[in-house]
Colleague: 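Before anything else, here's the structure in question.
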2 protein chains.
Amino acid sequence: MVNKTKNENASVEERILKAAEEEFLNKGFDGATTEAIARNAGVTHAMLHYYFRTKKNLFEKILNAKVDMLIKVIFGTFKSSGLPFRERITEAVKSHFDFIRKNPELPRFIINEFNSGSRRGILLDKKIWEIIPKLGEELQKAIDEESAKGVANRIDAINIIMDAVSLNIFPFLVLPFLKNIGAPFAEYEKDFLDMRREESIKVITGRLFNR
Amino acid sequence: MVNKTKNENASVEERILKAAEEEFLNKGFDGATTEAIARNAGVTHAMLHYYFRTKKNLFEKILNAKVDMLIKVIFGTFKSSGLPFRERITEAVKSHFDFIRKNPELPRFIINEFNSGSRRGILLDKKIWEIIPKLGEELQKAIDEESAKGVANRIDAINIIMDAVSLNIFPFLVLPFLKNIGAPFAEYEKDFLDMRREESIKVITGRLFNR
DNA sequence: ATATTGTTTAACCGTATTGTTAATACAAAC
DNA sequence: GTTTGTATTAACAATACGGTTAAACAATAT
C-alpha cells in the first residue's frame with residue numbers, strides 16, 4: 001500500500017518540479033534562484049535541497065524532461081498515417097508548429113542551455129542523435145519516391161527539416177522582441193502566429209512541389 | 001594633443017568593453033560576472049566599476065552597440081543598387097547571412113536579452129521600429145511591381161523578411177546543439193553553413209518566383 | 001615645486017544565494 | 001508505546017558577487 005507520507009512527498013516533489021520548470025524556462029539556469037522556486041512551490045528552500053540536493057541536479061531533471069518532450073515530438077512528427085505525401089508534410093509542419101505553440105519557451109530554453117558557454121546539459125547526447133537520422137531517412141525515402149514520380153523536387157531531407165524547424169520556432173523567439181519594440185502585429189499574437197503557421201506550410205510545400 | 005593618460009584610459013576602457021562583449025554574448029547578463037570580465041581585460045574589478053559604475057551600465061553599452069549593428073545591417077540589407085529584383089533579393093539574403101556568420105552569437109544574445117523576464121534592454125525601442133517598416137514598405141513596393149508584371153508572386157513583404165531571418169539565424173542557433181549531440185555535419189561547420197546559405201536563397205527565391 | 005586632477009590598487013562591506021545541520025514533528029512498524 | 005525512518009523547520013555556514021572606499025600613484029597645469 002502506498003502510504004500517505006509517500007503521497008505527500010510526491011506532491012511536494014511535483015510542486016517543486018513544476019515551480020522549477022517555470023523558473024528555469026523563463027530565466028534560464030543562471031537567472032533562476034532556488035529560493036524563488038521554493039517560494040513558488042510553497043515550501044521552504046531547505047526542502048528543495050532535501051529533495052534534489054543541488055540546483056544543478058534539479059535543473060538537469062527539468063532539462064531531461066524537456067529533451068524527452070523534444071524527442072517525442074520529433075518521433076510523432078512524421079508518422080501521420082495513410083495520407084498522401086503532400087498532406088503528410090502539411091500535417092507534420094502544422095503539428096510541429098502547434099506543439100511549439102503549446103510550449104513557447106521551449107526553443108529558447110533548449111538553444112540556450114546547449115550553447116557553448118554553459119557546461120551543463122551534457123549526458124543525453126546519444127538518445128537524440130539516434131532519432132533524427134531515422135526521421136531524415138524516412139523523409140528522404142518519401143521525397144525520393146515522389147521526385148521519381150515527378151511530383152516533388154529532389155531535395156536533401158535534412159534541409160527540409162531544418163527549413164521547417166527554422167520557420168516554426170522563429171515566431172516564438174522573436175515575439176518577446178517584437179513586443180518589446182512595440183511592433184503592431186505583436187499585439188494580435190494569435191493572428192500573427194496563425195499567419196506564420198500558414199507561411200511555414202506554404203514555404204515547405206512550395207519548396208517541395210513548386211506550389 | 002591627446003595625452004598619454006587619455007590614451008591609456010581609452011585602452012583600458014576598450015579592453016573592458018571587449019572582454020565584456022565576449023562575456024555577455026557567451027553567458028548572458030546573469031551568467032556573466034564583472035570579476036571574470038575584469039580578469040579577461042587584465043584589470044582589477046574595481047577598475048571596471050570605476051569606468052562603468054555598474055554591471056547593468058556596462059551591459060547596456062554592449063547591448064546598445066549590438067542593436068546598432070543590427071539596425072545598420074537591416075538598413076544595408078536591401079539597398080543593393082541597380083540590380084534586377086531577383087538578384088537584389090539574392091544579394092540581400094546572402095549578405096544578411098554573411099553578417100550573422102561574422103557575429104554568430106548575436107541572434108541568441110538579442111533573443112535572450114529581450115525576453116519577457118528581464119527588464120533590461122528597454123530604451124532603444126523606438127529606433128528600431130522606425131526602420132523595419134521602412135524596409136517592409138520598400139520591399140513590398142518592389143514585390144507589388146514585380147507581381148504586377150507577373151514575375152513574382154503576390155506576398156506580404158513581412159512574411160518574406162521573416163522567412164529570410166528565420167532561415168538565416170537558425171543554423172547559428174542550433175550549431176552548438178548539433179555539436180553537443182555529436183551530429184556528423186556539425187564537424188564540417190563551413191560546409192554546413194554554406195549549405196544552409198544556399199538553401200535560404202533557394203527557399204526565398206522559390207517562394208517569390210516559384211523557382 | 002606644488003596643487004590639482006585623474007587613475008589604479010588593495011582591502012573591505014553588504015547582500016543574495018546555495019547549501020548544511022541539528023532539532024523536531026509525525027507517521028508507520030513492531 | 002516505543003522504535004524507526006522520513007518529512008519539515010529554522011537557524012546557520014560558506015561563498016560569490018556587485019559595489020564602495022581610502023589611500024597610493026601618475027600626469028598635468030600653474
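Lettering of chains follows the sequences in order, A, B, ..., and the numbering in each one begins at 1.
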Colleague: Can you list the residues that meet the ring-ring contact (aromatic ring centres under 6.0 Å, His included) rule with Phe99(A), with sequence neighbours excluded?
Modeller: none
Colleague: I want to check something: taking the side chain as every heavy atom from C-beta on, are Arg196(B) and Asp163(A) in contact at a cut-off of under 4.5 Å?
Modeller: yes
Colleague: From the set dT9(D), dG19(C), dG19(D), return the single nucleotide nearest to any side-chain atom of His49(B).
Modeller: dG19(D)
Colleague: Can you list, by residue number, the residues of residues 31-41 of chain A that have a non-hydrogen atom closer than 4.0 angstrom to DNA chain D?
Modeller: none
Colleague: Ile161(B): what forms a side-chain contact (heavy atoms from CB on, under 4.5 Å) with it, not counting sequence neighbours?
Modeller: Leu135(B), Leu139(B), Val165(B)
Colleague: Please enumerate all residues that pass side chain to side chain donor-acceptor pair (under 3.5 Å) together with Asn168(B), with sequence neighbours excluded.
Modeller: His96(B), Ser200(B)
Colleague: Could you tell me whether the side chains of Asn64(A) and Glu60(A) share a donor-acceptor contact shorter than 3.5 Å?
Modeller: no
Colleague: For the residue pair Lys56(A) and Phe29(A), would you count it as a cation-pi contact if the rule is NZ or CZ under 6.0 angstrom from the ring centre and within 45 degrees of the ring axis?
Modeller: no
Colleague: Examine Phe172(B) together with Phe97(B) and report whether their ring centres are nearer than 6.0 Å.
Modeller: yes
Colleague: List, one per line, each side-chain donor-acceptor pair under 3.5 Å for residues 34-43 of chain A, sequence neighbours excluded.
Modeller:
| from | atom 1 | to | atom 2 | distance (Å) |
| --- | --- | --- | --- | --- |
| Asn40(A) | ND2 | Ala36(A) | O | 3.3 |

Colleague: For Met47(B) and dT20(D), give me the distance from atom CE to atom C1', rounded to whole Å.
Modeller: 15 Å
Colleague: Please check the phosphate of dT20(D) (OP1 and OP2 only) for any side-chain N or O of Tyr50(B) closer than 4.0 Å.
Modeller: no
Colleague: Could you list, one pair per line, each protein nitrogen or oxygen that sits under 3.5 Å from a nitrogen or oxygen of nucleotides 11-13 of chain D, together with the distance?
Modeller:
none

Colleague: Without decimals, in angstroms, what is the distance between Lys55(B) NZ and dA16(D) C1'?
Modeller: 11 Å
Colleague: Without decimals, in angstroms, what is the distance between Asn57(B) CG and dG18(D) C1'?
Modeller: 13 Å
